[in-house]
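Below is one structure, written out as structure tokens, with a few remarks after it.
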Amino acid sequence: MSTTAEIKIDGQTYEFPVITGTEGEKAIDISKLRDLTGHITLDFGYKNTGSTKSAITFLDGEQGILKYRGYPIEELAEKASFLEVAYLLIYGELPSAETLEKFQKDISMHTLIHEDMKKFFDGYPSKSHPMAQLSSLVCSLSTFYPESLEANQSDEEKDLTIIKMLAKMTTIVAFIYKKSLGHPLIYPKNKYDYITNYLWMTFGQRTEDFEPNPVVVSAMNKLLILHADHEQNCSTSTVRIVGSSDCNLYASISAGISALWGPLHGGANQAVIEMLEKIKADGGDTDKWIAKAKDKNDPFRMMGFGHRVYKNFDPRAKIIKKACDDILESLGINDPVLEIAKKLEQAALTDQYFIDRKLYPNVDFYSGIIYRALGFPSEMFTVLFALGRLPGWIAQWKEMRSNKEPIGRPRQIYVGDVDKHM
Ligand code: ACO
């Protein structure tokens, strides 16, 4: 098997090493390309560009495989808790029972946010988008914990920043929701586990104790695990590239949250429900909307369909689809929007346009329906995605720092005017 690749430019041949990953994927290492040839590569949207070597997540888009640290997503979603998966992603191994207990306890001890942060919530317009609030609030954590600004934190200090990030995220996310309703904030309780505590702060009442519905806890656990990491996507690459300037964890995660917000990325879960509602209000004619999605003169896209990497099926969508059916059944919800979703899915899966372009339902197609069944407004959906993705972002930021990766700085081909003068 070849371990080098040759590139011929102006009659001269240059050799570059071929790197093979542990799952067999191959890359041509062109880090010396410009030095040797004076050329760079051009790859809009980085469709063929590997930005790093990573030991966190493996995905094979052709086969529909997703693994965290070697464990298949199907097994983790079935058997693990979200915090176990978070620990696995961040520290590389599944925790022992004792380690998990300590991890959970350490997080519980840091769930409160500084009381002064509550003033920020009062300052936002009541209808402002939760993702804008989340990104700002997470960045603001660095103002309350200035020790995080130190680029060369010891491992212990870094771990504490990570614990604080994981802990305060649930409180911030829950407070954003409560504020959007104009309800009083509910403070965290240390006796609850990570997900129950989040549900308590979101759905609990101030004076009563809280009995979480096990179906809801299990659904949240699964959803957060399925979203926990997805290698070098738009938001994760953002976290890594921001962190590569030695920027602190909170600000790097805040940048990732902004990147996730867009409807072509994490914002798609909100866009899916809004699309389904629109189709319903329009009379529910799915054929009409499929035709619109196929029409190149129509800007409409079938939200929740297609993926940059998955070209066969999204393994997360398979699990979520089943979870979605289970939840709707056990909560006794009959959602007319789900019927439209099912019709759209069937029609698109058998339509030549979608088959030719390998467009399948992605994770966002079903997650919105579950969040809706759990009682969340659509504007919160991407925030919940961010809550799930947090351990992945942290793990990727930590890996990038440990590998001492250089500052991210792509090049360009200049195509503007030349030699102009005043
Ligand atoms: N509806 C209709 N046509 C589509 C869709 C769609 N959802 N997605 C892609 N296509 C078509 C494109 O028009 C293009 O057609 P062409 O070859 O005839 O020009 C072809 O399929 C390839 O599409 P690209 O945009 O080049 O694919 P890319 O990999 O760049 O984009 C993306 C992937 C952004 C996910 C795209 O499929 C999309 O916009 N989907 C809808 C938004 C969405 O669901 N995003 C969530 C992704 S999952 C996540 O981030 C968590």
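Index from 1, following the sequence. When a ligand or atom number is given, it counts from 1 through the structure's own listing order.
In the vicinity of F385, heavy-atom distances shorter than 4.0 Å reach the ligand 1 atoms 51 (C). Ligand-side atoms of ligand 1 in range of H265: 46 (C), 49 (C), 50 (O), range being under 4.0 angstrom from any heavy atom. The distance from ligand 1 to the heavy atoms of G306 drops below 4.0 Å at these ligand atoms: 35 (C), 37 (O). Atoms of ligand 1 lying under 4.0 Å from any heavy atom of L264, numbered from 1 in the order shown and given with element: 39 (O), 45 (N), 46 (C), 47 (C), 50 (O). Near G304, with a cut-off below 4.0 Å to any heavy atom, the atoms of ligand 1 are 43 (C), 44 (O). Close approach of ligand 1 to A293 (heavy-atom distance below 4.0 Å) involves ligand atoms 2 (C).
Only the side chain of K296 comes within 4.0 Å of ligand 1, counting heavy atoms alone; its backbone N, CA, C and O stay farther away. Within the 4.0 Å heavy-atom criterion, the part of Y353 lying near ligand 1 is the side chain and not the backbone.
Scanning all protein heavy atoms for the shortest distance to atom 30 (O) of ligand 1 gives R308 NH2, 3.0 Å. At the top of the distance list for atom 49 (C) of ligand 1, counting protein heavy atoms only, stands D364 OD2, 3.6 Å. For atom 41 (C) of ligand 1, the nearest protein heavy atom (residue, atom name, distance) is F305 O, 3.4 Å. The shortest contact between atom 4 (C) of ligand 1 and any protein heavy atom is with L359 CD1, 3.6 Å. Looking from atom 43 (C) of ligand 1 to the surrounding protein, the closest heavy atom is A268 CB, 3.6 Å. Residue, atom and distance of the protein heavy atom nearest to atom 7 (N) of ligand 1 are M302 O, 2.7 Å. The single protein non-hydrogen atom nearest to atom 20 (C) of ligand 1 is R357 CD, 3.7 Å, given as residue, atom name and distance. Residue, atom and distance of the protein heavy atom nearest to atom 42 (C) of ligand 1 are M303 CE, 3.4 Å.
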Exercise for the section: Please test F313 against Y360 for ring pair (Phe, Tyr, Trp, His ring centres under 6.0 Å), starting from the C-alpha separation and ending with a verdict. Expected result: CA-CA 6 Å; F313 66 92; Y360 300 89; 8.0 Å; no
Practice task
Quick one: do L76 and E84 satisfy side-chain contact (heavy atoms from CB on, under 4.5 Å)? Show the steps, please.
Solution key: CA-CA 9 Å; L76 293 169; E84 272 177 295; over 6 Å; no
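Under the 3.5 Å distance criterion, with hydrogens and angles disregarded, no donor-acceptor pair is assigned to the side chains of Y192 and Q104. R372 and S378 share no donor-acceptor pair across their side chains, judged by distance under 3.5 Å alone. Using modelled atom types and a 3.5 Å distance limit, the side chains of T161 and D159 yield no donor-acceptor pair.
At a distance under 4.0 Å, a protein heavy atom can be found next to atom 9 (C) of ligand 1.
Considering both main-chain and side-chain atoms, R316 never comes within under 3.5 Å of ligand 1 through any nitrogen or oxygen pair. Checked against a 3.5 angstrom limit, the closest N/O atoms of G266 and ligand 1 fall outside it.
Proximity of F365 to ligand 1 is not established, as no heavy-atom distance is less than 4.0 Å. Ligand 1 has K47 within reach: a non-hydrogen atom of the residue lies less than 4.0 Å from it.
Using a 30° and 60° split on the angle between ring planes, F121 and Y124 fall in the perpendicular class, above 60°. The aromatic rings of W289 and F300 sit perpendicular to each other, their planes meeting at more than 60°, with 30° as the lower class boundary. Using cut-offs of 30° and 60° on the angle between ring planes, the pair H230 and Y310 is tilted. By the 30° and 60° cut-offs, the orientation of the rings of H129 relative to W261 is tilted. Between Y371 and F376, the ring planes lie perpendicular to each other; the angle is over 60°, past the 30° to 60° tilted range. Classified by interplanar angle (parallel below 30°, tilted 30° to 60°, perpendicular above 60°), the ring pair F103/Y87 is perpendicular.
A cation-pi arrangement is not found for R357 relative to F354, the charged atom failing to lie both closer than 6.0 Å to the ring centre and inside a 45° cone about the ring normal.
The closest heavy-atom contact to atom 24 (P) of ligand 1, among the options R301, R389, M275, comes from R301.
With rounding to the nearest 0.5 Å, the separation of OG in S258 from NE2 in H265 is 11.5 Å.
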